[in-house]
Structure formats: structure tokens, C-alpha cells
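The block underneath contains the structure these notes are about, expressed in C-alpha cells.
Each residue takes its place number in the sequence, starting with 1.
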Amino acid sequence: MSFKKIVLVIILLILFVIGFWSWKFYRTNIGQVNILILGTGGENHTAGDLTDVMMVASVSPGRVNVISLPRDLWIPEIRAKINTAYHYGGIDLTKTSVEKVLDLPINHYVLLDFSGFTKIIDVLGGIEVQVDNEFEDKLYPIAGRENDPCIACRYEVVEFKKGLQVMNGETALKFVRSRHATGDEGTDTARSSRQQKVIDAIKNKILSPKVILNPKQIQALYKVFKNSVQTDIDNKIGITLVKEIFKARNNVLGYLIPESLLVNPPISKIYDKQYVFVPHLGNGKWEEIHEWVKSLPSQTY
């Protein structure tokens with residue numbers, strides 16, 4: 001494996017785990033680039049092309065803002081939740097839907113299936129994650145048993161204790177995907193927060209000398225990347241990112257759309273009897289969220 005390829009792999013992986021995959025350079029100013037990051041179940045998962053993880057990384061000089069989107073946002077134009085946009089219309093419809101919600105142009109995208117997510121963490125030898133709240137989920141779906149005649153056999157119980165934990169890929173996946181915990185941890189907001197915790201943990205592990213200076217681990221990570229990731233990132237752009245990534249590595253902040261800007265309306269025919277979120281101003285009226293996005297530090301317009 002050439003040094004050029006090793007550098008490229010490091011850059012691409014760091015970009016993924018801290019929430020962005022591209023940086024567009026100008027002679028005097030790199031401006032701002034917005035990257036849509038999607039996570040799907042992939043093969044052996046029910047509805048494997050639903051994007052259960054949706055984030056937008058807004059990259060500006062020396063700073064990265066990572067915005068998580070709730071999977072249950074209702075998009076009137078497609079009469080469905082935002083996490084189904086990829087299923088119905090591929091990356092183009094997904095980008096258009098996200099642009100409507102955030103009023104940000106999407107310049108690039110990265111799509112990773114969950115098998116790649118778990119493999120990346122396992123190749124890293126696990127990650128350290130701070131669990132803020134203890135929770136239990138008795139309805140975590142077991143891959144491959146979605147149609148088991150025995151309803152109870154379709155699920156397993158997952159449990160997380162409060163405190164710092166070392167997680168392998170499978171455990172980390174359960175931590176970020178759990179949706180049926182009791183209390184606050186069963187909300188979409190809590191789920192998004194857990195996803196950002198894991199992304200930060202992966203970033204810290206990759207940036208550690210034990211990983212970034214280990215050619216064998218980089219080789220293994222490259223194989224996972226090739227088989228699990230789809231992106232429109234140009235390799236040449238990735239090579240130019242080395243200096244800028246390290247400049248921004250301590251200034252990467254995650255954001256959740258404030259709960260005050262969203263409403264969970266009663267289940268009704270209007271939303272096909274689904275659990276959804278709509279803007280506080282009304283269905284399809286995203287203006288308050290647009291203003292919130294513009295208020296984030298270091299956004300360029």
C-alpha cells in the first residue's frame with residue numbers, strides 16, 4: 001500500500017467519524033462545504049435502505065458543525081418520513097429533502113451501512129464511550145428474524161449501565177440504534193445524541209498514535225472503507241485535507257435541532273398514522289429551523 005493511499009485512507013476515515021468527508025479549497029478561502037452523512041442497515045436488516053442515521057457536516061475554516069436530523073421528520077413533498085427519502089428516490093431525493101429542512105446546499109454525501117460501521121470499530125480494537133444515562137431496550141430487533149412466526153423471538157434485550165464503557169462494533173451499533181428504551185433515552189433526540197457520542201469516540205481512537213501510525217490497521221480500515229462506503233468525494237480533494245483536518249480536530253461540535261422547534265402531532269391519517277415530527281410553525285414550514293442553522297457559529301452564507 002503506497003504512502004499516498006495510506007494518507008488518503010486516514011483522511012477519509014477521519015472525515016467520516018468527525019462528520020465530514022470533503023473540503024473545497026479556494027486560493028485564499030476554503031469557504032463552507034456541507035456533507036450529508038447517511039447510515040443504513042444494509043443487507044440482512046429489515047428495510048435496509050432506510051437511513052436511520054442522518055447528519056449534515058458544515059465545514060468552514062478551522063471548524064466543523066455536525067447537525068443531526070431526526071429520522072422521523074415528516075416531509076410533505078414525499079408524504080413520508082425523511083429517513084425513507086433514500087428508499088424512494090436515492091441520494092438526489094434525500095439531498096433535496098435535507099436542503100428543505102436546513103436551508104443548506106448539500107455539496108457531497110457519504111453513505112455507510114451498519115456492517116461497515118461495526119467493522120471499523122472492531123478493527124480499531126473497540127472505542128471508549130461515556131454512557132450518561134442507564135437504559136434498557138426490550139425490543140431491539142434481531143437481524144434475520146424480522147419475519148419469525150414467534151413474535152418474541154424477533155427481539156432481544158439490550159442494556160447499558162451509566163459510566164465509561166469500552167464497546168466493540170456490535171455493542172456500539174446497539175447503543176446508537178436503540179429506539180425502544182423507557183424514559184428519555186427512547187426519544188429520537190436521545191438517539192441522535194448517542195450517535196454523536198460514538199462518532200466522537202471513533203474520531204479519538206483514529207487520531208491516537210496507536211492507530212494513525214500503524215500501517216496494518218490502516219490497511220484493514222481501507223478494506224472496510226472500500227466495501228462499505230459510497231461517496232461522491234474526489235480522491236484528489238481528500239489528499240488536500242490533511243492540514244485542515246488537524247487544524248479543526250479540536251473544534252468539531254455536534255448539534256441537535258432544538259426540541260422547541262419541533263412538534264410531535266397526534267397520530268392521524270394526515271401523517272399516515274405514523275409517529276412523526278413536524279416544524280413548530282406547521283407542516284412543511286421550516287423557517288425557524290433555517291434561522292437556527294444560520295445562528296450556529298462560523299456558518300458562511
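Between atom CZ of residue F160 and atom CG of residue D132 there is a gap of 13.0 Å, rounded to the nearest 0.5 Å. Atoms CG and NZ, on L36 and K95 in that order, are 8.0 Å from each other to the nearest 0.5 Å. Residue K273 holds its NZ atom at 10.0 Å from CD1 of I267, rounded to the nearest 0.5 Å. A distance of 6.0 Å separates CG in L69 from CE in M54, rounded to the nearest 0.5 Å. In this structure, T96 OG1 and I75 CD1 are separated by 11.0 Å, a value rounded to the nearest 0.5 Å. Taking CD of Q130 as the start and CG of D200 as the end, the distance is 12.0 Å to the nearest 0.5 Å.
Linking ILVMFWY residues whenever their side-chain heavy atoms come closer than 4.5 Å, directly or via other members, places V158 and I121 in the same cluster. Connection of V263 to W74 is established within a shared hydrophobic cluster, with ILVMFWY side chains joined at heavy-atom distances below 4.5 Å, either directly or through further cluster members. Grouping the Ile, Leu, Val, Met, Phe, Trp and Tyr side chains by contacts below 4.5 angstrom, directly or via other members, places V276 apart from L93. Cluster annotation: I106 and W292 are assigned to the same hydrophobic cluster (Ile/Leu/Val/Met/Phe/Trp/Tyr, side-chain heavy-atom contacts under 4.5 Å, transitive). One hydrophobic cluster, built from ILVMFWY side chains closer than 4.5 Å, holds both V293 and Y255.
Annotation: side chain of L164 is in contact with side chain of E128 (closest heavy-atom distance under 4.5 Å). Residues D103 and K294 have side chains in contact (heavy-atom distance under 4.5 Å, counting atoms from C-beta outward). Side-chain contact between P266 and S268: absent, with no pair of heavy atoms (C-beta onward) separated by less than 4.5 Å. Contact of the L38 side chain with the I91 side chain is registered, since non-hydrogen atoms from C-beta on lie closer than 4.5 Å. Taking 4.5 Å as the limit, every side-chain heavy atom of Y109 sits out of range of all side-chain heavy atoms of T94. Within the 4.5 Å cutoff, no side-chain heavy atoms of T182 are placed close to those of E136.
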side-chain contact (heavy atoms from CB on, under 4.5 Å) assessment of L173 paired with V198: CA-CA 9 Å; L173 180 60; V198 169; over 6 Å; no
Worked check of side-chain contact (heavy atoms from CB on, under 4.5 Å) between Y271 and F277: CA-CA 10 Å; Y271 308 109; F277 287 114; over 6 Å; no
Test side-chain contact (heavy atoms from CB on, under 4.5 Å) applied to K161 and V131, step by step: CA-CA 7 Å; K161 300 293 185 181; V131 179; over 6 Å; no
I67 vs L296, side-chain contact (heavy atoms from CB on, under 4.5 Å): CA-CA, chis, key distance, verdict: CA-CA 10 Å; I67 304 171; L296 299 180; 3.8 Å; yes
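Heavy atoms of other residues, nucleotides or ligands lying less than 6.0 angstrom from CG of L256 number more than 12.
For the residue pair P297 and N65, the shortest heavy atom distance occurs at O-ND2, 2.8 Å. Closest heavy-atom contact between A201 and V129: CB-CG2, 4.0 Å. When every heavy atom of S97 is checked against every heavy atom of A85, the shortest pair comes out as OG-CB, 4.0 Å.
Side chain of S178 to main chain of K174: no donor-acceptor pair is present (N/O by atom type, distance under 3.5 Å, no hydrogens or angles). Between the side chain of K210 and the backbone N or O of L124 there is no donor-acceptor pair closer than 3.5 Å. Checking side-chain atoms of K119 against main-chain N and O of V224 turns up no donor-acceptor pair under 3.5 Å. Proximity of a side-chain donor or acceptor of R154 to a complementary backbone N or O of P141 within less than 3.5 Å is not detected. Listed for the N107 side chain is a donor-acceptor partner under 3.5 Å among the backbone atoms of N34. Put simply, the side chain of T187 gets close to the backbone of D184: a donor and an acceptor are under 3.5 Å apart. A donor-acceptor pair is defined here as one N or O able to donate and one able to accept, closer than 3.5 Å; such a pair exists between the side chain of R194 and the backbone of E185. Side chain of T51 to backbone of T40: no donor-acceptor contact under 3.5 angstrom is found. Formation of a donor-acceptor pair under 3.5 Å by the D137 side chain with backbone atoms of V157 is not found in this model. A donor-acceptor pair is defined here as one N or O able to donate and one able to accept, closer than 3.5 Å; no such pair exists between the side chain of H280 and the backbone of E259.
For the pair R179 and D72, the salt-bridge criterion is met [side-chain N within less than 4.0 Å of a carboxylate O].
Here the two rings, on Y86 and Y88, have centers that are 6.0 Å apart or farther.
When each of D122, V53, I202 is tested with F117 by the rule side chain to side chain contact (heavy atoms under 4.5 Å, CB included), just one qualifies, namely I202.
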